[in-house]
Structures are given as structure tokens and as C-alpha cells.
Amino acid sequence: MPMVGLGVYNISSHETQRVVEEAIAEGYRSIDTAAMYHNEDGVGAAVRSSGVPREELFVTTKICEPCYTEKETMLTIETSMKKLGLDYVDLMLLHWPVGKPDVMWHTLEQMYKEQLFRAIGVSNFYPNTFPLIANGASIMPVVNQCECSVLYQQRKMMEYLKPHNVALEAWSPLAEGRHGIPSNATLAAIGMRHGKTAAQVALKFLVQNGIVIIPKTTHRERMRENIDLFDFELTEEEINEIRWLDTGHNVTGWPSDALTYNPHNN
């Protein structure tokens, strides 16, 4: 899985194909979508028209409907697959802990064994809900996709996932661009030393700490900037400076603590 991909949250379906085609042309090989984004069709169309061999691209999608049975889960997955128009996806995630996560996960395991997915994982599962998957899994998630940025560094989550050998993937790695990261004085000063922008430093911090990122943009110049991270390294001193930016809580308005399993749904 590439360390840097393109997220397509909140991009309209009719615009998604153009955005993904441009990203692939700029060198992106990982695209992240979801059923709730309502643009899986645009992602699939871009992948098919890109001219890049399918095996060189990494496509992630997520099921978000609260399913309670294997049949419901399979129908939801089939809907996503039809919209994508692809023979397989590289990574299928449970978008959050709703419905019966254990039943949904066992269905993903079954379909993984049938090679409909190359890998399976979860999104927005925190220590209060991750055991719903881990405790009964025959195949462990490879990824947990959560909000993560220099403002919310998820150090506790990384330590929690480490014994399970689960990678952390950051959604909103630039905190949706609304919380001062592009103009942050600490990041800008570090960027000047490397000939990079504050945003590039913020993304590099995550990548250098082993966190996969999927920054979203519809602008081609930003696509180039967001993937241009591999010709410099942050020093230990710079990493420690950035550590001080951590607020210790989410900043995007999507409260992680609210994304919890309701036992009364059983």
C-alpha cells in the first residue's frame, strides 16, 4: 500500500473521475473512497480509463451501512462493487462501528478468502470498539483509518495498534485545511530549512512516523505538493518540535468518542 494516496471525501461524483485521473497522471497509485462519499462510480471510471495496469493501483473503499446479518453485509458490498465496476478492491474497510461489527467483519473475512478483496481493515475503531473485531477475528485488520494530523497525533492509538500489527492510516492529515496547518509558524520555519511548505512538513511528519496518509484535494498543483515528500527527512529535533503541536484530541468536528458501538443494537 503506498504511503501517500488521494482521498476523495466530499468530491462530487461528476468531478471525481477528473480528479482521480489527474492524480494518477501525477503519480498517485492509491485512491481512497467510501460508499457514503457517493463517488465510487467516478473512482472506478478513472481507474478503468487511466491507462495504468490495474495491479499497479491500490483502491480502498468502505462500507458504512449498519448491517446486522451476513446477507445485509453482502448486499452492501455488492452495491459498492457494482458502482466501482472493478473485479476486486485492494482494501475494504468497515467505515465505523455500527450495526453488528463482528458479523460484518466475518463476512469481510469470507469475501477476502474468495479474493474479492486483497486486504481488509477498519476505520474509526478506537480501543473501546476495536476488540469487537480483534477478539473474534480469524483474519486481523491490516489497517485502522482514523483522524490523525500534527494537531491530533494519535500516539496512544499507535501504541495500542502495535501489538496487533495493524497500521494506522490518517484521514484528514491536514485537519481539513481549516485549522492553521498551512500557516503554522513552527511548520513553516521547518519547511524553510528544507525548501518545503508547512503542509508538506505536516504530511512528512506522519509518513516519517509510519502513518499512511490520504490527503484530499481537487487541485492538481496541490496533488503535486502533497506527494512530493520523499526528497527530504525531518531531523529528530524537528520531529520533537512538531510533537508540541499535538492537542491530544480531534479537531475536525467528527468526535471519535461518539463513534461507538451501541450494545442495544444487538
Side-chain angles (χ1 to χ4, degrees), residues 1 5-17 20 30-49 54-55 57-126 129-146 166 169 171 214 216 254 258-266:
M1 183 180 187
L6 178 77
V8 297
Y9 171 65
N10 216 21
I11 301 177
S12 64
S13 179
H14 75 273
E15 193 179 16
T16 296
Q17 182 174 351
V20 175
S30 177
I31 309 297
D32 179 277
T33 184
M36 71 159 285
Y37 300 171
H38 303 294
N39 57 19
E40 289 170 308
D41 53 347
V43 170
V47 168
R48 293 191 302 273
S49 68
R54 174 67 185 91
E55 62 272 16
L57 298 173
F58 194 99
V59 178
T60 300
T61 193
K62 318 174 194 72
I63 58 172
C64 61
E65 291 295 321
C67 301
Y68 299 89
T69 66
E70 179 181 317
K71 184 177 180 180
E72 287 179 338
T73 308
M74 291 183 74
L75 287 173
T76 299
I77 291 168
E78 287 170 7
T79 298
S80 281
M81 295 303 295
K82 285 178 182 176
K83 289 180 178 178
L84 284 164
L86 304 175
D87 292 334
Y88 66 92
V89 296
D90 298 272
L91 178 61
M92 177 66 81
L93 305 180
L94 295 186
H95 207 150
W96 37 54
V98 295
K100 282 196 169 182
D102 55 342
V103 172
M104 296 170 75
W105 184 255
H106 291 318
T107 307
L108 260 61
E109 290 178 327
Q110 176 185 327
M111 300 181 90
Y112 166 79
K113 291 172 183 175
E114 295 170 2
Q115 300 186 333
L116 191 61
F117 320 130
R118 296 287 176 89
I120 52 178
V122 295
S123 178
N124 300 305
F125 277 71
Y126 284 77
T129 50
F130 190 82
L132 295 167
I133 303 299
N135 290 348
S138 61
I139 301 169
M140 283 294 292
V142 294
V143 160
N144 189 9
Q145 187 184 112
C146 300
V166 176
E169 182 177 11
W171 59 258
I214 45 169
K216 170 244 178 165
W254 289 85
L259 296 171
T260 57
Y261 178 68
N262 181 356
H264 299 296
N265 286 338
N266 285 346

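- Listed here is the closest heavy atom pair of Ser123 and Leu93: CB-CD1, 4.3 Å.
- Taking the side chain to side chain contact (heavy atoms under 4.5 Å, CB included) definition, one finds that Ile139 meets it with Glu109, Tyr112, Lys113, Ile120, sequence neighbours left out.
- Minimum heavy-atom separation, Leu132 to Pro101: CD1-CG, 4.2 Å.
- Proximity of Met1 to Glu169: side-chain heavy atoms (C-beta onward) are separated by under 4.5 Å at one or more points.
- Under the 4.5 Å side-chain criterion, counting only non-hydrogen atoms from C-beta, Trp105 is in contact with Val122.
- At least one side-chain heavy atom of Leu116 sits under 4.5 Å from a side-chain heavy atom of Ile77.
- For Phe58, there are no ring-ring contact (aromatic ring centres under 6.0 Å, His included) partners, not counting sequence neighbours.
- Looking at residues two or more places apart in sequence or on another chain, you find a side chain to side chain contact (heavy atoms under 4.5 Å, CB included) between Gln17 and Glu21, Ala45, Ala46, Ser49.
- Summarising the local packing, CD of Gln115 is surrounded by 12 or fewer heavy atoms from other residues, nucleotides or ligands at distances under 6.0 Å.
- When each of Thr33, Asn124, Asp32 is paired with Lys62, the side chain to side chain donor-acceptor pair (under 3.5 Å) condition holds for Asp32 and for no other.
- Every side chain to side chain contact (heavy atoms under 4.5 Å, CB included) that Arg54 has, sequence neighbours left out, goes to Val47, Leu57, Val59, Leu86, Tyr88, Asp90.
- Judged as a side chain to side chain contact (heavy atoms under 4.5 Å, CB included), and not counting sequence neighbours, the contacts of Val142 are Leu91, Ala119.
- For the pair Met74/Met111, a side-chain contact is recorded, criterion being any heavy-atom separation below 4.5 Å from C-beta on.
- Residues in residues 75-85 take part in these side-chain hydrogen bond (donor to acceptor under 3.5 Å, both in side chains) pairs, two or more places apart or across chains: Glu40-Ser80.
- Counting only heavy atoms from C-beta outward, the side chains of Ile133 and Leu94 approach each other to under 4.5 Å.
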